[in-house]
Amino acid sequence: MFEDLKQAQPDKILALMAQFREDPRPAKIDLGVGVYKDENGRTPVMRAVREAEKRLYDAQTTKAYVGMAGDLAFDAGMVELVLGADAPKDRVRCAQAPGGSGALRIIAELLKLARPDATVWMSDPTWPNHLPMMKGAGLKIAEYPYFDAATGTVRFDAMLDGLGQAKAGDVVLLHGCCHNPTGANLDMGQWEKLTGLLIERDLFPFVDLAYQGFGEGLEADAAATRHVASRVPEMAIAASCSKNFSVYRDRVGAAILIGRDKAGADAAFSQLLGVARGMYSMPPDHSAAAIAIVMQDPDLYGDWKVELEEVRLRMLRLRKGLADALRRKSNSDRFDFVAEHRGMFSRLGLTPEQVERLRDEHGVYMVSDSRINVAGLPEDRLDDLAAAIVSVL
Ligand code: LMR
């Protein structure tokens, strides 16, 4: 059976995680995988989630299946979190999914069912796992230009030109906020123009919202998605709770569909649940149930928002600290974009060789495309880190 199989290429982010773990140097710095870390290098369970888990433990009397769409209170809460109180509820459907990734994959399978010839247009670059996920669903892939590595900004005109090549009915995969891996994002004026193009060319928006609350704030990070949703007839959203609720390993996310009308939404949703049934049958429950408790309790929800904001502000401080340190050490404004970017990542614009030297000579780990996880920056050693980065330029 397996004799013809070759060794699979490891995912570069996961391979880096393993390499970091094995490095014995005590001063090593992990800027690799996108997991939030506090000033002690820990990824804490959030206060509200822990409290909700205690309540869940006391109240839960069964582990029987919840149902294919998962916890309905969680689903309703996610629709409100992502689309706001004004969401067109008659046309919106939501299914709990195993992480944002699970949501991405079942939506991709649904798109393949709905329009087998569709091409999915992805930003160049994008999260490396988007590619196998979309390809795995049998969809065709194309790229639109996105990032100018020299300036650290979005090539917006080139992006629109690229999407001008898409054919009616194609899918455009967009990062709703906090672009991964670059950290460079569209402003609202650009989102408005982009939405106009999507409508004009009859392109289907598929938004990956994995970092809501990590960029400009919980509401501001949803503004682009809400704008698109308010204008287009149909769209899909894969929302992740891994980062903003810090429940990475529990795998909680939401697949949200907006249909043309109620009947269209119902039909698409029934197919989505059918896809999920064929892939993993039922979503995992635990953290979704805890998040539903948080969302339904004003005190817990309020405390979650406070803690999330603390997380966001810490990352902003680290961004500014690194940009300042790099300015001092390089005597240039080359890296000022780090302070302008938003979300968990920035792409520094180093070559793979420079990234390798940072790892080998300084124990600084980042993805080979020079993506750094801002939350991994050591606040008390930013000058040392900046000096190391400048030394390999
Ligand atoms: C990342 O981009 O580092 C995260 O989304 C984790 C992952 O699975 O790649």
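Whatever order the structure lists them in is the order used to number ligands and atoms, beginning at 1.
Judged by the 6.0 Å distance and 45° axis criteria, Lys243 is not positioned over the aromatic ring of Phe245. Within the cation-pi definition used here (under 6.0 Å to the ring centroid, within 45° of the axis), Arg371 qualifies as a partner of Phe345. Cation-pi geometry between Lys28 and Phe20 is satisfied (NZ or CZ under 6.0 Å from the ring centre, within 45° of the ring normal).
Residue Arg328 is tested with Asp383, Asp333, Asp384 for a salt bridge (charged side-chain N to carboxylate O under 4.0 Å, His left out); the sole match is Asp383.
The part of Asn180 lying near ligand 1 is the side chain, judged by heavy-atom distances below 4.0 Å. Under 4.0 angstrom from ligand 1, there are no non-hydrogen atoms of Met344. When non-hydrogen atoms are compared, ligand 1 lies under 4.0 Å from the side chain of Tyr211 (C-beta onward) but not from its backbone.
A ring-centre distance under 6.0 Å is not found for Phe156 and Tyr146.
Considering both main-chain and side-chain atoms, Gly34 comes within under 3.5 Å of ligand 1 through a nitrogen or oxygen pair.
The protein non-hydrogen atom at the shortest distance from atom 6 (C) of ligand 1 is Val33 CG2, 3.8 Å. Annotation: atom 9 (O) of ligand 1 to nearest protein heavy atom, Trp127 NE1, 3.0 Å. Looking at atom 4 (C) of ligand 1, its nearest protein heavy atom turns out to be Lys243 NZ, 3.9 Å.
Between Arg260 and Arg91, the shortest heavy-atom distance links the atoms O-CD, 3.3 Å.
Contact between Lys12 and ligand 1 is absent, with no heavy atom of the residue lying under 4.0 Å from the ligand.
Heavy-atom neighbours of Gln9 CD from other residues, nucleotides or ligands within 6.0 Å: at or below the threshold of 12.
Each of the atoms 1 (C), 2 (O), 3 (O) of ligand 1 lies under 4.0 Å from some heavy atom of Arg371.
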